[in-house]
Amino acid sequence: QLQLVESGGGLVQPGGSLRLSCAASGRNFDYYAIGWFRQAPGKAREGVSCISNLVSDKNYADSVKGRFVISRDNVNKMVYLEMNSLKPEDTAVYYCAAELTPLSDLCEMDQGPYDYWGQGTQVTVSS
């Protein structure tokens with residue numbers, strides 16, 4: 001079982017940058033793919049990016065490709081989402097989630113298979 005805690009959200013102007021962090025506690029962190037999801041007011045939660053347990057696979061939503069970068073540090077049980085060139089439409093609560101994938105080294109953007117979720121961190125992009 002994993003516990004996940006997000007941090008790094010805040011208010012930023014359009015064009016600015018933020019780095020979100022997802023800190024995990026629990027065993028076998030390197031057995032889990034990690035995904036970042038977001039939910040804007042009045043909208044369904046959507047996948048933003050994911051990274052496989054051994055970092056071989058990374059995926060991004062079309063809306064963030066070229067602007068966001070996902071990375072992870074298995075030694076320190078951390079996952080990061082570097083967000084650049086932020087737009088007002090990036091405003092949302094951002095969640096990290098973990099899916100147990102000890103054999104696949106793949107990740108997916110569908111939130112259904114994810115087993116553990118953090119509490120979320122608010123990102124607001126506004127002038």
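Just so you know, residue 1 is the first one in the sequence shown, and it goes up from there. Every heavy atom of this structure was used, including side-chain atoms; hydrogens, water molecules and symmetry mates were not.
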Looking only at side-chain N and O atoms, does Ser25 offer a donor or acceptor that is under 3.5 Å from a partner on Gln3?
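Gln3 vs Ser25: donor-acceptor pair found between side chains.
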Polar contact flag, side-chain donor to acceptor under 3.5 angstrom, Arg19-Tyr80
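Looking only at side-chain atoms, Tyr80 and Arg19 do not form any donor-acceptor pair under 3.5 Å.
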Working to the nearest 0.5 Å, report the span between OG of Ser71 and CE of Met78.
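These two atoms lie 9.5 Å from each other.
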Any [X] side-chain heavy atom under 4.5 Å of [Y] side chain:
X	Y	answer
Glu6	Ser21	no
Val48	Met109	no
Arg38	Arg45	no

So which heavy atom on [X] is nearest to which on [Y], and how close?
X	Y	result
Val12	Leu18	CG1-CD1, 4.0 Å
Asn74	Asn53	ND2-O, 3.0 Å
Tyr114	Ala33	CE2-O, 4.0 Å

Would you call the rings of Trp117 and Phe37 parallel, tilted or perpendicular if under 30° counts as parallel and over 60° as perpendicular?
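Trp117 vs Phe37 ring planes: tilted.
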If we ignore hydrogens and angles and just use 3.5 Å, is the side chain of Asp73 paired with the main-chain N or O of Asn76 as donor and acceptor?
yes
Looking at Ile70, is its backbone amide N or carbonyl O close enough to the side chain of Tyr60 to form a donor-acceptor pair, meaning the two atoms are under 3.5 Å apart?
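It does hold such a pair.
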One pair to check against side chain to side chain contact (heavy atoms under 4.5 Å, CB included): Val123 and Thr91. What are the steps and the verdict?
CA-CA 5 Å; Val123 172; Thr91 295; 5.9 Å; no
Side chain to side chain contact (heavy atoms under 4.5 Å, CB included) evaluation trace for Val79 with Phe29:
CA-CA 11 Å; Val79 177; Phe29 177 70; 3.7 Å; yes
As a test of understanding, state which of Ile34, Asn59, Thr101, Val55 forms a side-chain contact (heavy atoms from CB on, under 4.5 Å) with Cys107.
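One option only clears the test, and that one is Asn59.
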Does Tyr116, at its OH atom, have more than 12 non-hydrogen atoms belonging to other residues, nucleotides or ligands within less than 6.0 Å?
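Above 12, so yes.
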Carboxylate-amine/guanidinium proximity below 4.0 Å for Asp90 and Arg67
yes
Salt bridge check, Asp62 against Lys65: does any charged N sit closer than 4.0 Å to a carboxylate O?
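The answer is yes: the pair qualifies as a salt bridge.
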